[in-house]
2 protein chains.
Amino acid sequence: MLRARGERMTGPRRAVLTVLAEGDEHLSAEAVLDGVTRRESGVHRASVYRTLEALSDLGIVQHIHVGHGGTTYHLVRNGTRHLHAHCRVCGVVRDLPSDLLDGVAEALSRNHQFLLDPGHVALSGTCLGCRRTDS
Amino acid sequence: MLRARGERMTGPRRAVLTVLAEGDEHLSAEAVLDGVTRRESGVHRASVYRTLEALSDLGIVQHIHVGHGGTTYHLVRNGTRHLHAHCRVCGVVRDLPSDLLDGVAEALSRNHQFLLDPGHVALSGTCLGCRRTDS
DNA sequence: TTCTATGCAAACGATTTGCAGGGAG
DNA sequence: CTCCCTGCAAATCGTTTGCATAGAA
């Protein structure tokens with residue numbers, strides 16, 4: 001697993017990283033806590049949050065905001081910050097190719113003086129399986 | 001102001017609509033409550049939330065989720081559900097043309113069986129004034 | 001009169017903070 | 001030995017819910 005990048009490697013941190021590495025991607029903070037607890041009891045909720053924040057700052061994990069749904073975390077695999085779509089009906093988060101918004105990003109930059117960070121929020125909608133429902 | 005659409009027109013509802021109509025767009029629920037209270041005291045927080053939800057269901061107001069920032073509400077002016085960009089540094093929400101994501105929506109529909117709802121979440125990034133900072 | 005919307009208080013879920021002690025480097 | 005990271009408890013923020021009642025239609 002990734003080695004200390006100027007930061008200390010502790011039990012809780014190792015556990016969080018392991019859970020993220022094994023997990024099915026896109027875990028909520030609470031889900032990470034569950035996984036951590038299963039692997040090594042006694043780790044406190046607050047430590048998980050603090051660890052996730054620290055790892056985010058280091059660029060080792062990425063967090064995305066999912067509409068009504070809260071925040072999810074996952075490892076940044078080989079430097080790729082891919083995009084996400086969130087189905088507001090079934091709640092699934094699916095990955096999208098990282099270049100999907102390139103055109104939009106350029107348009108925003110050119111016409112609206114806005115620097116898009118495409119990976120930071122999940123696009124919202126419904127997967128076809130969940131067709132039409134509102135909110 | 002818009003008349004009852006099968007719903008009852010009450011004091012709190014009138015106040016919420018008035019605040020949204022006069023406000024600078026993109027108000028948080030709490031900001032709406034403040035405005036409502038200033039105009040007519042005694043309206044309860046819960047009523048504002050319930051009213052905003054009811055008006056959302058009627059399509060009279062639109063709510064958007066703003067990354068780390070919570071939920072904001074605004075009137076749907078002449079049926080236009082425009083898009084939004086949120087600067088994560090200064091927090092400003094700016095409107096964007098509603099057709100900006102048309103191409104992306106079509107690509108998602110065709111290649112990913114995903115029906116995009118472009119107006120439901122704000123795109124995240126930084127306005128040029130706030131250049132580069134992270135989170 | 002009827003039945004919806006309101007006020008109130010309390011519950012809630014997610015996340016954060018102050019503080020003192022423990023352990024990594 | 002020093003300072004960062006942790007556990008704990010409590011606070012905070014945004015939002016929701018159960019209940020009895022006021023009031024719109």
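Within every chain, numbering begins at 1; the chains are lettered A, B, ... in the order of the sequence lines, protein sequences first and strands thereafter. This is a predicted model, so every value here is computed, not measured.
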Under 3.5 Å donor-acceptor, A:Ser41 side chain and A:Thr37 backbone
no

Heavy atoms under 4.0 Å, any strand shown: does B:Gly11 hit a base, just sugar-phosphate, or nothing?
nothing

Can you tell me which residue pairs pass the ring-ring contact (aromatic ring centres under 6.0 Å, His included) test with a partner in residues 16-48 of chain B, sequence neighbours excluded?
B:His26-B:His74, B:His26-B:His84

Determine: side-chain N/O of A:Thr10 to OP1/OP2 of C:dG23, distance under 4.0 Å, yes or no.
no

Which of D:dT16, C:dG7, C:dT4 is nearest the side chain of A:His68? It is D:dT16

DNA chain D-proximal residues of residues 29-40 of chain B, any heavy atom under 4.0 Å:
B:Ala29

What's the CZ-C1' distance between A:Arg14 and D:dT6, to the nearest Å?
15 Å

Out of C:dA5, D:dC4, D:dG7, minimum distance to the side chain of B:Glu7 belongs to C:dA5

Rounded to 10°, tell me the angle between the two end axes of the helix from C:dT1-D:dA25 to C:dG25-D:dC1, each built from five pairs.
30°

B:Val76 and B:Ile60: CA distance, side-chain angles, deciding distance, side chain to side chain contact (heavy atoms under 4.5 Å, CB included) verdict
CA-CA 6 Å; B:Val76 176; B:Ile60 296 175; over 6 Å; no

Checking A:His120 against B:Arg88: is there a side-chain donor and acceptor pair closer than 3.5 Å?
yes

Take the protein atom CZ of B:Arg45 and the nucleotide atom C1' of D:dT16, then report the distance between them rounded to whole Å.
12 Å

Side chain to side chain contact (heavy atoms under 4.5 Å, CB included) evaluation trace for B:Val19 with B:Asp34
CA-CA 9 Å; B:Val19 168; B:Asp34 285 354; over 6 Å; no

Expected output: side-chain A:Ser56 to main-chain A:Leu52 donor-acceptor under 3.5 Å:
yes

State whether the side chain of B:Ser109 and the backbone N or O of B:Ala105 hold a donor-acceptor pair below 3.5 Å, judged by distance alone.
no

Under the salt bridge (Lys or Arg N to Asp or Glu O under 4.0 Å) rule, collect the residues that match up with B:Arg38, sequence neighbours excluded.
none

Who passes salt bridge (Lys or Arg N to Asp or Glu O under 4.0 Å) against A:Glu40, sequence neighbours left out?
none

Donor-acceptor pair under 3.5 Å, A:Arg8 side chain vs D:dC4 base:
yes

Would you please test A:Thr51 and A:Leu17 for side chain to side chain contact (heavy atoms under 4.5 Å, CB included) and show each step?
CA-CA 9 Å; A:Thr51 297; A:Leu17 283 168; over 6 Å; no

C:dA10 P sits how many Å from B:His44 NE2, rounded?
11 Å

Looking at A:Arg13, does any N or O in its side chain come under 4.0 Å of the phosphate oxygens OP1/OP2 on D:dC5?
yes

Between A:Met9 (CE) and D:dC5 (C1'), how many Å, whole number?
13 Å

Please give me every residue in residues 46-54 of chain A whose heavy atoms get under 4.0 Å of an atom in DNA chain C, ordered by residue number.
A:Ala46, A:Tyr49, A:Arg50

Please report the C-alpha distance between A:Glu30 and A:Arg45 in whole Å, then the side-chain angles of each, then the deciding distance to 0.1 Å, and finally whether the side chain to side chain contact (heavy atoms under 4.5 Å, CB included) criterion is met.
CA-CA 8 Å; A:Glu30 212 62 22; A:Arg45 174 183 266 84; 2.5 Å; yes

I want to check one thing: is the phosphate of D:dT15, taken as OP1 and OP2, less than 4.0 Å away from some side-chain N or O of B:Thr71?
yes

Within this structure, what is the CG-to-P distance between A:Leu27 and C:dA14, rounded to whole angstrom?
14 Å

Quick check: do B:His86 and B:His65 have side-chain heavy atoms less than 4.5 Å from each other?
no

